[in-house]
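Here's the structure, in structure tokens; my notes come after.
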Amino acid sequence: MEIPKIYDPKPVEDKWYAHWIKHKFFKSIPDEREPYTIVIPPPNVTGVLHMGHMLNNTIQDVLIRRARMQGKNACWVPGTDHASIATEAKVVALLAEKGIKKTDLSREDFLKHAWEWKVKYGGIILKQLEKLGASCDWDRTRFTMEGDLSEAVIDVFIDLYNKGQIYRGVRMVNWDPKGLTAVSDEEVIHKEVNSKLYYVRYKIEGEADGWITVATTRPETILGDTAVCVHPEDERYKHLKGKRCIIPMVNRSVPVIFDTYIDLEFGTGALKVTPAHDINDYNLGIKHKLDVIDTIASDGKMNAAAQFYIGEDRFIVRKKIAQDLEEMGQMVKIEDIKNKVGYSERTNAVIEPKLSMQWFLKMDTISKPALENVLNGEIKLIPEKFINTYKHWMENVQDWCISRQLWWGQQIPAWYDDKGNTVVAKTHVKALAAYKVQHPRSNIQQLKQDEDVLDTWFSSWLWPISVFDGFKNPDGKDINYYYPTNDLVTGPDILFFWIARMIIAGYEYRGEKPFNNVYLTGIVRDKKGRKMSKQLGNSPDPIELIEKYGADGVRVGMLLCAPAGNDLLFDESYSEQGRNFSNKIWNAFRLINGWEHAVDTQQNEINKIAIQWFDAKFNAQLDIINDLYSKYRMSEALMATYKLVWDDFCAWYLEMIKPEFVDGKSLSVDKETYDTTIAFFEKILKVLHPFMPFITEEIWHLISERNEKECLIVEEWPATSNKNRIILKDFEIVTEVITNIRNIRKQKNISPKEKLEVFKKVNQSEIINIYDVIILKLCNLKSFKYVNEKVDGANSFLVNNAEFYVPISQNIDTIVERDRLLKELQYNKGFLESVLKKLTNEKFVSNAKPELLGNERKKQTDALAKIKVIEEQLSTLK
RNA sequence: GGGAGCUUAGCUCAGCUGGUUCAGAGCAUCUGCCUUACAAGCAGAGGGUCACUGGUUCGAACCCAGUAGUUCCCA
């Protein structure tokens, strides 16, 4: 059967993925082997695969496949999170298309729609992961809102409440007026934008023409002002001590207060204070006991307390009030400035600081072990530089606002009577019972459950425990076997959102870390360094990439540009390189596969040496690869593998043993060489497998007869053994000789078909001629002979002080040759000089380590010998 | 405003404890080849003031200080 010379990944990938599934190779059940566990960072159910997922899931799959081949019980747990805001937004939008408003639905009905949506679309991203080749144990797929996981969330809430770690309070929160919910600090993205700074003058109370000018970027909040604040040291305002001023339009009299918080340089040095709508103002308000007037409603529109513009959006009001103040003569000037504005990560609405009643988790004590165990190296962050960021955050950690004003999520198990008395309990029945204990004289029959749900991260922080049913069954087989997990692979953007909180939960609920290592990938950016985003449209569709280059190609492409912890600038050309690599491997297979192998053919010297060399090379390189893996240097491990395959195996080894063509027919390969080559190739497939699972599995089955259970995916990772360093050293010289000869051929424009003669001048007695056959073959030589004298009229080169001559039919251009030699001489003299400089330096000789000194001395003698040879060559040129 | 990181070839990055012929890799580029595995290929070559300035040292891409640019985190 003719094997196509271009590898076609599509049918291969579909076939083998199905095959692996069929034979349950991804499945993990606790046994006596050492476990190797990864829990997937659950992508959110609304998501479709983007390049960030591609990257971290490729890395996870590489790790898990290698662990599996190393004989560990590899378990990669997949799943999704319910992403309350994002999902609810999607469902609301979908309902809106049908003309249904959320407010018209009951909570129950809305959730029914949401679940329908989840069933229909929630699995898309997991299906996409299959295309990538992700070897997750799909039987273990979990979802943060499924029964058991939700129950864990509720139990944890109740437990922490009972421990006094959870409280309810009025706080300034980041309000998302579009999502109509509070969001955490981490979900606010601060962006620099072009704004205006409005200078507005307020009348001083009781003075005929006394004014104070404040500067603000948010004039719409003027209606909620309850003070004006200046710096106590500010000479401009010292006379205002004890005075009051009048807020325009609403004509409210408010005090002028003094606080060192004020920045003298900014604006006019006078700050209008709106405690209800700015976190700093809020704190000032508490300190100075100011009134709080909330003038903006949940939807971002002015409310009745504002008195003006009621029902109009804050941004429209900003323009209107500026104009009105202008007309009133109270607008002094307007300047353009740049400032940072917070946006909701989910809805992109401008965040409105808002006072509201929320649930909080105290972070001060509960986070202690999580900080400690990262600092002491019990949990490793890779790369280490993230420890700084982590430490900084954990040392300044704020209480976590865990309530969200949404329906999609776990409803907070808090119950209220009509006076606002609260009990926390798992069910209404239990709540009522608890309530009766607290209020024995009450005969209330009905409590009202809190309307809000818990933050999605309040589910996912339990993920490494809850996916193994560690809450439901704390001493279960799974949790005891798989926990703590080995590696977590995710992006640094969720270091606090998720990683830190998982560590906290791990210590709180298992008394142990959730994972040993956290591998933080970079953020995938486009070629210009911009984050990939839908708005910019600069993100390639991963599935299309896979169609175009094959999953193996894209995986390789991803990792080629993925230095650990640094952002990566993705470009499609990397996937192309990956695809080309697939093709290279494929063609190596085609070559070997096409060889006749005869039992009666004697193994020749070339093949014997080639085999010895590649065996040594493979082992040495595998040591390097293993070491790089152990340091999580994935892209370097890939590059080392790439070079092993492309350069060492294909370009050198296969070229060496490739049978020659005689009379238009390929000679046959001896059986021993053939079998060894197959064995080498199989080892190479193993080492390639984690990076390129599909093509390697395909060739694995083509290259030898195997039954359907004998799959590469469960083969053993090769052990390293042979450490023949001598042959590797020798080969460095051999390849240098070969390159020199090829170079001369190239420079002199000699056809590769023309056979050359090469002479080696014997200076000393040492002749290592075992490699000559290789030089003969790879350079297409007629002969390779030893001489005692220089060969006249030939091109020459030096390798390790040995002189080589290549006579060619053209005359030697002595001028060019002399120039070349002079240049070489100059370089070597310069080099010698630098060595001598060290050796004649007393301080160097007395300070340097002995081996270093010896090295320098050797350099000296080598350089001297070389100079002598070059000078001799030069003298004969004249 | 506070903190952390980064700056090495056209691009993306290695370079560990300062010392090997140390300035490297891949891609891209250039030149020659459709040589019976692969043109998605083969062979060869050319690319760098290691951001800048100063310091420490016998010796600095590497250590220290400052400057510039840049990215991120926090407020």
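Only this structure's heavy atoms are used, side chains among them; waters, hydrogens and symmetry mates stay out. Protein chains get the first letters and strands the later ones, always in sequence-line order, with residue 1 at the start of each.
Of the candidates U31(B), A40(B), G44(B), A40(B) carries the atom nearest the Ile6(A) side chain, counting heavy atoms from C-beta on. Comparing atom distances between the Arg633(A) side chain and each of A4(B), G15(B), C74(B) picks out G15(B) as nearest. Side chain of Arg590(A), nearest nucleotide from C38(B), G41(B), A14(B): C38(B). Closest to the side chain of Asn743(A), out of U12(B), C38(B), A45(B), is A45(B). Residue Lys746(A) has its side chain nearest to A43(B) when only A43(B), A40(B), A45(B) are considered. Checking C73(B), G44(B), A37(B) against the side-chain heavy atoms of Thr739(A) singles out G44(B) as nearest.
Looking at Trp393(A), Trp457(A), Trp400(A) one by one, the single match for ring pair (Phe, Tyr, Trp, His ring centres under 6.0 Å) with Phe497(A) turns out to be Trp457(A). Tested against Phe680(A) for a ring pair (Phe, Tyr, Trp, His ring centres under 6.0 Å), the candidates Tyr674(A), Phe649(A), Tyr653(A) yield a single pass: Tyr653(A).
Between the C1' atoms of G2(B) and G15(B), the separation comes to 33 Å (whole Å). Spacing of P atoms, G66(B) relative to G5(B), comes out at 13 Å, to the nearest Å. For the C1' atom pair drawn from U8(B) and C50(B), the interatomic distance equals 4 Å after rounding to whole Å. Between G55(B) and G18(B), the distance separating the two C1' atoms is 15 Å to the nearest Å. Taking the P atoms as reference points, C62(B) lies 32 Å from A28(B), given to the whole Å. Taking the P atoms as reference points, A61(B) lies 11 Å from U20(B), given to the whole Å. When the C1' atom is compared between A60(B) and A23(B), the two are found 13 Å apart, to the nearest whole Å. Using C1' as the reference atom, U49(B) and G41(B) are 38 Å apart when rounded to the nearest Å.
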Exercise for review: Please report the C-alpha distance between Ile775(A) and Phe804(A) in whole Å, then the side-chain angles of each, then the deciding distance to 0.1 Å, and finally whether the side-chain contact (heavy atoms from CB on, under 4.5 Å) criterion is met.
Suggested key: CA-CA 12 Å; Ile775(A) 298 171; Phe804(A) 293 82; 5.6 Å; no
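In this structure, Asn828(A) reaches the bases: a heavy-atom distance under 4.0 Å links it to at least one base atom across the strands shown. Within 4.0 Å of Phe589(A), counting heavy atoms only, lies no atom of the nucleic acid at all.
Searching all strands for a Watson-Crick or G-U wobble partner of A40(B) with both distances below 3.5 Å returns nothing. If you check A68(B) for Watson-Crick or wobble pairing at under 3.5 angstrom, you find it paired to U7(B). Within the shown strands, nothing qualifies as a pairing partner of U35(B) under the Watson-Crick or G-U definition with both distances less than 3.5 Å. The nucleotide G19(B) finds its pairing partner in C58(B), both defining distances of the Watson-Crick or G-U wobble pair being shorter than 3.5 Å. The partner of A25(B), taking Watson-Crick or G-U wobble pairs whose two distances both stay under 3.5 Å, is U12(B).
Surrounding NZ of Lys777(A) are more than 12 heavy atoms belonging to other residues, nucleotides or ligands, all under 6.0 Å away. In this structure, Glu596(A) places its CD atom where only 12 or fewer heavy-atom neighbours from other residues, nucleotides or ligands lie under 6.0 Å away.
In G47(B) the O4'-C1'-N dihedral to the base is within 90° of 0, which defines a syn nucleotide.
For the pair Tyr642(A) and C27(B), the criterion of a side-chain N or O lying under 4.0 Å from OP1 or OP2 is met. Between Ser573(A) and C11(B) there is no side-chain N or O to OP1 or OP2 distance below 4.0 Å. For the pair Trp646(A) and C42(B), the criterion of a side-chain N or O lying under 4.0 Å from OP1 or OP2 is met. Contact check, Lys584(A) against A37(B): no side-chain N or O comes under 4.0 Å of OP1 or OP2. Here Lys5(A) does not reach the OP1 or OP2 of G41(B): none of its side-chain N or O atoms lies under 4.0 Å away. The shortest distance between the side-chain N/O atoms of Asn587(A) and the OP1/OP2 oxygens of A40(B) is not below 4.0 Å.
Nearer the 5' end of RNA chain B, as judged by each residue's closest nucleotide, is the contact made by Asn388(A), out of Lys658(A) and Asn388(A). In this structure, Leu654(A) and Gln398(A) both approach RNA chain B, and ranking their closest nucleotides by distance from the 5' end singles out Leu654(A).
One atom, CZ of Phe581(A), and another, P of G41(B), lie 12 Å apart when rounded to the nearest Å. The distance between atom CD of Glu384(A) and atom C1' of C16(B), rounded to the nearest whole Å, is 12 Å. Between the CG atom of Asn749(A) and the C1' atom of U31(B) there is a distance of 9 Å, rounded to whole Å. Taking atom NZ on Lys631(A) and atom C1' on G15(B), their separation rounds to 12 Å, with Å as the unit. One can place CD of Gln747(A) at 12 Å from P of G44(B), the figure rounded to the nearest angstrom. Following rounding to the nearest Å, Trp595(A) (CH2) and U36(B) (C1') show an atom-to-atom distance of 13 Å. Leu591(A) places its CG atom 13 Å from the P atom of U36(B), with the value rounded to the nearest Å. In this structure, CD of Glu660(A) is placed 14 Å from C1' of U36(B), rounded to the nearest angstrom.
At a threshold of 4.0 Å, the pair Lys868(A)-Glu871(A) does not count as salt-bridged, since none of the basic side-chain nitrogens sits closer than that to a carboxylate oxygen.
Between Ser704(A) and Glu682(A), the side chains place a donor N or O and an acceptor N or O closer than 3.5 Å (distance only, hydrogens not considered). Looking only at atom types and distance, the side chain of Thr274(A) has no donor-acceptor partner in the side chain of Tyr282(A) under 3.5 Å away. Using modelled atom types, one finds no donor on one side chain facing an acceptor on the other under 3.5 Å when comparing Arg590(A) with Asn593(A).
If you check distances only, the side chain of Arg579(A) does reach the base of A40(B) with a donor-acceptor pair under 3.5 Å. Judged by atom type and distance alone, Glu655(A) does not reach the base of A43(B) through any side-chain donor-acceptor pair under 3.5 Å.
Two rings, from Tyr390(A) and Phe386(A), have their centers 6.0 Å or more apart.
The shortest distance between side-chain heavy atoms of Leu520(A) and Ile382(A) does not fall below 4.5 Å.
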Can you name the atoms? Protein N/O to nucleotides 23-25 of chain B N/O, anything below 3.5 Å, with the distance.
| residue | atom | partner | partner atom | Å |
| --- | --- | --- | --- | --- |
| A25(B) | O2' | Lys643(A) | NZ | 3.0 |

